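The structure appears below as structure tokens.
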Protein chains: 2
Amino acid sequence: MAEKSVPTRTVTGRALAVLDTFDAKHRRQSLASIARRAELPLTTVHRLVHELENQNALVRGSDGDYEIGSKIWRLGLLASVHSELREVALPYMEDVYQLHNDAVQIAVLDGLRCLIVERIAGSRTLEVISKPGSRLALHATGVGKVLLAHGDAELQKAVLNSLDRFTEQTITDPGILETQLKTIKVQGFAKTQEELAEGAVSIAVPLRGKGGNVIAALGIVAPSDGRDLGKLVPVMQVTGAALSRKLVEAGLGDAARLQAGS
Amino acid sequence: MAEKSVPTRTVTGRALAVLDTFDAKHRRQSLASIARRAELPLTTVHRLVHELENQNALVRGSDGDYEIGSKIWRLGLLASVHSELREVALPYMEDVYQLHNDAVQIAVLDGLRCLIVERIAGSRTLEVISKPGSRLALHATGVGKVLLAHGDAELQKAVLNSLDRFTEQTITDPGILETQLKTIKVQGFAKTQEELAEGAVSIAVPLRGKGGNVIAALGIVAPSDGRDLGKLVPVMQVTGAALSRKLVEAGLGDAARLQAGS
DNA sequence: TCAGAAACTTCCATCACATGAAACTTTAGT
DNA sequence: ACTAAAGTTTCATGTGATGGAAGTTTCTGA
């Protein structure tokens with residue numbers, strides 16, 4: 001189930017561990033910072049980083065800090081989560097966005113979290129917790145709950161055993177969440193009420209691929225201003241179904257190609 | 001100076017060589033294909049690929065083919081060529097695009113080629129030779145000529161010594177190109193006339209960072225339908241200058257952070 | 001201005017881990 | 001059914017990764 005910082009004993013693993021120290025909060029790092037975060041000896045990191053730099057996997061700024069280089073960027077654009085799903089889904093997301101200008105997003109499963117693949121939002125949207133590339137908790141987001149509800153037993157078990165709290169409303173009781181998941185599976189949509197961040201509510205529906213497997217989730221996030229998001233459920237479900245059909249047509253119905261973790 | 005398929009003697013190098021076999025033309029590959037293209041023994045590739053798959057750097061589709069995975073994608077989004085340059089430049093590119101709906105693009109230097117960072121184009125634009133992530137020849141594109149004209153002597157020498165021909169009009173004479181480069185540097189813009197592809201002409205101007213260093217190029221590509229692109233030169237220069245100022249403000253004026261290979 | 005620390009770099013003796021040939025299994029093609 | 005190609009597993013060998021130690025450079029603060 002990954003997620004553990006398995007102290008890989010292979011060189012490739014170490015190299016990836018080095019790259020993995022980079023995230024939205026650490027886009028530029030010093031050598032020492034990389035070493036600390038990767039939990040590897042400074043000398044080893046020093047060598048690896050140099051190698052990665054020579055190959056343009058990392059770039060070194062004039063201040064000595066490293067950041068992700070053009071090679072990784074170029075390769076990343078080839079991922080089908082990026083170009084394909086994005087291309088097919090954007091028009092549909094745009095439609096939903098037009099309704100009330102609420103943030104619209106699509107997510108896939110990535111290990112024990114959900115990975116935001118694409119997102120449309122106005123500039124005046126609340127706090128931006130999620131943007132493409134973010135990985136959020138499965139139990140506190142609409143899209144996450146949908147993916148979790150349709151996930152296998154192993155995944156559910158792993159997630160239910162470690163429910164982090166984010167707000168007053170976050171569901172941390174495995175029993176309650178389990179019941180919700182069952183409802184979500186039956187009703188075909190999930191909702192959250194300020195469970196990840198105060199003032200934000202969401203609705204999400206599954207996107208299905210070949211054979212009806214859930215391969216992604218489509219969600220809408222809005223400020224909790226008393227408006228009844230429930231009214232949007234039918235629209236979301238219709239859009240979700242239409243998009244699902246398109247995804248299968250486009251040959252993206254294969255979960256293995258979109259999803260990530262085991 | 002890279003570019004050569006230096007058969008790296010390091011593990012990290014081999015792993016990157018494996019990843020490097022993926023490009024727009026080879027987004028999904030079998031194990032054997034990867035091995036052939038990386039020029040590595042099948043067994044070795046087999047092991048590396050497995051490792052990369054475990055770390056989600058690669059994903060294996062149900063048909064056995066591999067493709068770039070979510071980890072690389074996620075990391076790629078952190079590259080500043082992507083998020084920062086893109087974010088700052090898009091509004092300006094949009095403005096230029098509105099003029100005649102010609103394709104607009106921004107490129108940076110990447111080794112001996114120019115790397116297309118962002119591109120706006122209508123759906124009815126000619127053939128799409130370039131899209132984000134593409135690497136084109138420096139001597140046959142507008143943006144490439146700009147970057148080359150402002151590049152250092154070492155770069156110019158390397159490029160001038162291997163001028164591939166793409167069309168009837170491609171400049172393959174080092175002397176002629178060298179003269180053009182000098183003119184470009186003085187006049188502040190470059191143009192091409194069907195030098196990379198028949199039927200396409202382009203204009204490009206430099207984008208300058210801190211201290212006036214050229215860090216990228218802004219270009220426009222149009223069908224060669226008799227229209228006089230020359231009239232657009234002033235607009236491009238003004239836009240380029242404005243965008244340059246914004247880039248410096250945004251702290252992106254540091255060439256080392258944008259450019260890639262030496 | 002200087003001392004001390006932290007970040008970075010170089011060196012190299014040791015051995016862990018990558019290597020790839022060979023043999024075997026599975027999948028496609030006719 | 002037969003053949004070829006793709007994919008997988010195994011393992012003896014030694015190459016190239018390792019990381020402690022020591023040296024250099026760059027910060028920090030007084």
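Within every chain, numbering begins at 1; the chains are lettered A, B, ... in the order of the sequence lines, protein sequences first and strands thereafter. What you see is a predicted model, and the numbers here were worked out from it, not measured in a lab. Computed over heavy atoms, backbone and side chain alike; hydrogens, waters and symmetry mates excluded.
- Atom CZ in R60(B) sits roughly 4 Å away from atom P in dT8(D) (whole-Å rounding).
- R135(A) places no side-chain N or O within 3.5 Å of a backbone atom of R113(A) that could act as its donor or acceptor partner.
- Whole-Å rounding puts the R14(B) CZ to dT15(D) C1' distance at 9 Å.
- Spacing between atom CG of L40(A) and atom C1' of dG19(D) amounts to 11 Å, rounded to whole angstrom units.
- In this structure, D65(B) atom CG and dA28(C) atom C1' are separated by 14 Å, rounded to whole Å.
- Side-chain proximity of T10(A) to dA21(D), dT10(D), dA18(C): nearest is dA18(C).
- For H46(B) and dT8(D), the shortest distance from a side-chain N or O to OP1 or OP2 is below 4.0 Å.
- Between H50(B) and Y66(B), the ring centre distance reaches or exceeds 6.0 Å.
- Rounded to whole Å, atom C1' of dA22(D) lies 14 Å from atom CG of L42(A).
- Atom CG of L52(B) is separated from atom P of dA18(C) by 12 Å (rounded to the nearest Å).
- When the side-chain nitrogen and oxygen atoms of R47(B) are compared with OP1 and OP2 of dA18(C), none of them lie within a distance under 4.0 Å.
- Between the side chain of H46(A) and the backbone N or O of A35(A) there is no donor-acceptor pair closer than 3.5 Å.
- Per the geometry, CG belonging to L31(A) stands 14 Å off P belonging to dG19(D), to the nearest Å.
- The CG atom of L78(A) sits 9.0 Å away from the CD atom of E67(B) when rounded to the nearest 0.5 Å.
- Taking 4.0 angstrom as the limit, R9(A) places none of its side-chain polar atoms (N or O) nearer than this to OP1 or OP2 of dA18(C).
- Computed from coordinates, the E51(A) CD to dA18(C) P distance equals 14 Å when rounded to whole Å.
- Look at T43(A) and you won't find any side-chain N or O under 4.0 angstrom from OP1 or OP2 of dT18(D).
- Distance from the side chain of R36(A) is smallest to dA7(C) among dA7(C), dG20(C), dC17(C).
- Screening V248(A), V108(A), L247(A), L109(A) for a side-chain contact (heavy atoms from CB on, under 4.5 Å) involving I215(A) leaves a single residue, L247(A).
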